[in-house]
Amino acid sequence: MVSTVPNSYSVDVSRIRPEIQELQTQLVEWRRSLHQRPELAFREQLTSEFVSQKLHEWGIKHQTGIAKTGIVAIIEGTKENLETIQNPQSKIQNRQVLAIRADMDALPIQEENDVPYRSQHDGLMHACGHDGHIAIALGTAYYLAQHRHDFAGTVKVIFQPAEEGVGGAKPMVAAGVLQNPDVDAIIGLHLWNNLPLGTVGVRSGALMAAVERFGCTIMGKGGHGAIPHQTVDSVVVSSQIVNALQTIVARNIDPIESAVVTVGELHAGTAHNVIADSARMTGTVRYFNPAFAGYFEKRMDQLIAGICQSHGASYQLEYWSLYPPVINDARIAELVRSVASDVVETPIGIVPECQTMAGEDMSFFLQAVPGCYFFVGSANPAKDLAYPHHHPRFDFDEIALGMGVEIFVRCVEKFFS
Ligand SMILES: [Zn+2]
Ligand SMILES: [Zn+2]
């Protein structure tokens, strides 16, 4: 594996303003408290109550129960920008709205970390870092509510349920969280163990891939393993299909583009001397270019139909387009890049080569309004905090929490300036 990203990088915490440094103990406390009681998609009841309780304590207006457990908080800045000073009438109409998004769900994974704050719910774990995202969003909301005089606009902080697979962003958008007041731009971050602490992965355009899923059942005709001519062998047919599906990326897609077709499951047969009646495969498709929407399903159907027909088998293909690709707006990505450059050592701390074929339902927000999703490096091999996301030993360097708050706050200040 070849990587241009440094293995570790030092963090200059003096770039985090003293008031956010002082928040660090609380950020860690909130994150650890959430880590101990992980909840699955759309069941983030305790998590949602925790968030609402804090917002309430700090006097921040918010609405709960959106798309089941989602929350939207509103923080109005009181600073006057140049335009409203020159023309006080424009104050209301020209008020810009920036949204900040955090996801709240955990995963059905048994935690293997031996830490005092390990998950207290058997079989459930915050193994993606969403506990950290909630802490960062809360810290940002707290800081902004204390410093309303420092920004001239409205900030919406969106806590969404169910990022992992099910998709809570789409119902949040459908519930109108980007309206009333209308959101002009949105930002969001993922703590990222694929990058070392002290780096920020940010880029314009495609950051993360579209996520599609398929399942296919091949129906042949079973029989005796020694008498194949009386059968239609679903194992042979499905083997050809697995190979043929690889040609979509290799032969149909422009090599300059990126895409993946993975068959993750293939099940058939019951005994070594029996020709299997049917076979079942499932898999995932990923790509960056939104123009490919619908293409893979069509092409896959053509290939499977052709192979089945040539062998006298039949098939049933199921296909789901789950998340569109995460596409960042050039202007907002530049805003994030410029403020992040002041927080990490540049140029090495800014990593534009951070694209991944993983998916994220932040894409639904980014389809609706321009914005930028970015990665805050959180791995620290020196502290044994470098396990990948969704691993039973996933954990991250909590210094990244304060960095996340500092970057969000700077984005807010700069966006409205
Ligand atoms: Zn995840
Ligand atoms: Zn995640």
Side-chain angles (χ1 to χ4, degrees), residues 30-31 34-35 38-44 47-48 51 67 69-70 100-113 119 121 123-138 157-172 186-195 197 200-202 206-213 260 262 264 284 286 322-326 328 354-366 371-379 385-398 400-401 403-404 407-408:
W30 301 333
R31 181 261 159 162
L34 292 161
H35 190 84
E39 296 173 298
L40 290 178
F42 291 121
R43 295 184 211 158
E44 305 92 340
T47 309
S48 185
V51 170
T69 54
I100 293 173
R101 173 270 201 176
D103 44 5
M104 304 193 288
D105 57 325
L107 287 154
I109 293 173
Q110 179 67 40
E111 176 154 16
E112 288 175 14
N113 285 316
S119 169
H121 295 177
L124 301 184
M125 179 188 176
H126 267 295
C128 202
H130 300 183
D131 47 351
H133 302 168
I134 302 166
I136 292 171
L138 277 175
V157 187
I158 300 173
F159 296 87
Q160 79 150 75
E163 190 289 318
E164 299 286 359
V166 204
K170 201 177 176 184
M172 289 288 276
I186 189 163
I187 51 174
L189 64 77
H190 208 301
L191 294 167
W192 208 234
N193 268 16
N194 298 314
L195 290 176
L197 180 72
V200 172
V202 55
L207 178 77
M208 300 177 85
V211 180
E212 301 182 346
R213 175 182 171 176
V260 177
T262 290
T284 186
R286 309 290 170 111
L322 302 176
Y323 297 170
V326 172
N328 286 335
C354 56
Q355 278 178 307
T356 167
M357 281 287 170
E360 243 286 345
D361 72 351
M362 177 72 180
S363 51
F364 288 105
F365 291 111
L366 294 170
C372 177
Y373 196 56
F374 60 99
F375 299 129
V376 172
S378 56
L385 299 170
Y387 285 92
H389 295 260
H390 297 203
H391 189 281
R393 289 207 55 200
F394 173 81
D395 201 353
F396 58 85
D397 194 319
E398 289 164 328
L401 298 172
M403 291 180 67
I407 293 170
F408 272 161

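Note that ligands are numbered from 1 as they come in the structure, with each ligand's atoms numbered from 1 the same way.
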Which heavy atom in Leu207 sits nearest to a heavy atom in Asn328, and how many Å separate them?
-> CB-ND2, 4.0 Å

Kindly check if the number of other-residue, nucleotide or ligand heavy atoms within 6.0 Å of CZ (Arg393) is above 12?
-> yes

Quick one: does NZ or CZ of Arg286 land under 6.0 Å from the six-membered ring centre of Tyr323, within 45 degrees of the ring axis?
-> no

Under 3.5 Å, side chain of Thr47 to main-chain N/O of Met104, donor-acceptor pair present?
-> no

Closer than 2.8 Å to the Zn ion (ligand 2), which protein N, O or S atoms?
-> Cys128 SG, His130 NE2, His190 NE2

Short question: side chain of Asp105, backbone of Glu164 - any donor-acceptor pair under 3.5 Å?
-> yes

Atom of His126, atom of Phe394 and distance for their closest heavy-atom approach | O-CD2, 4.1 Å

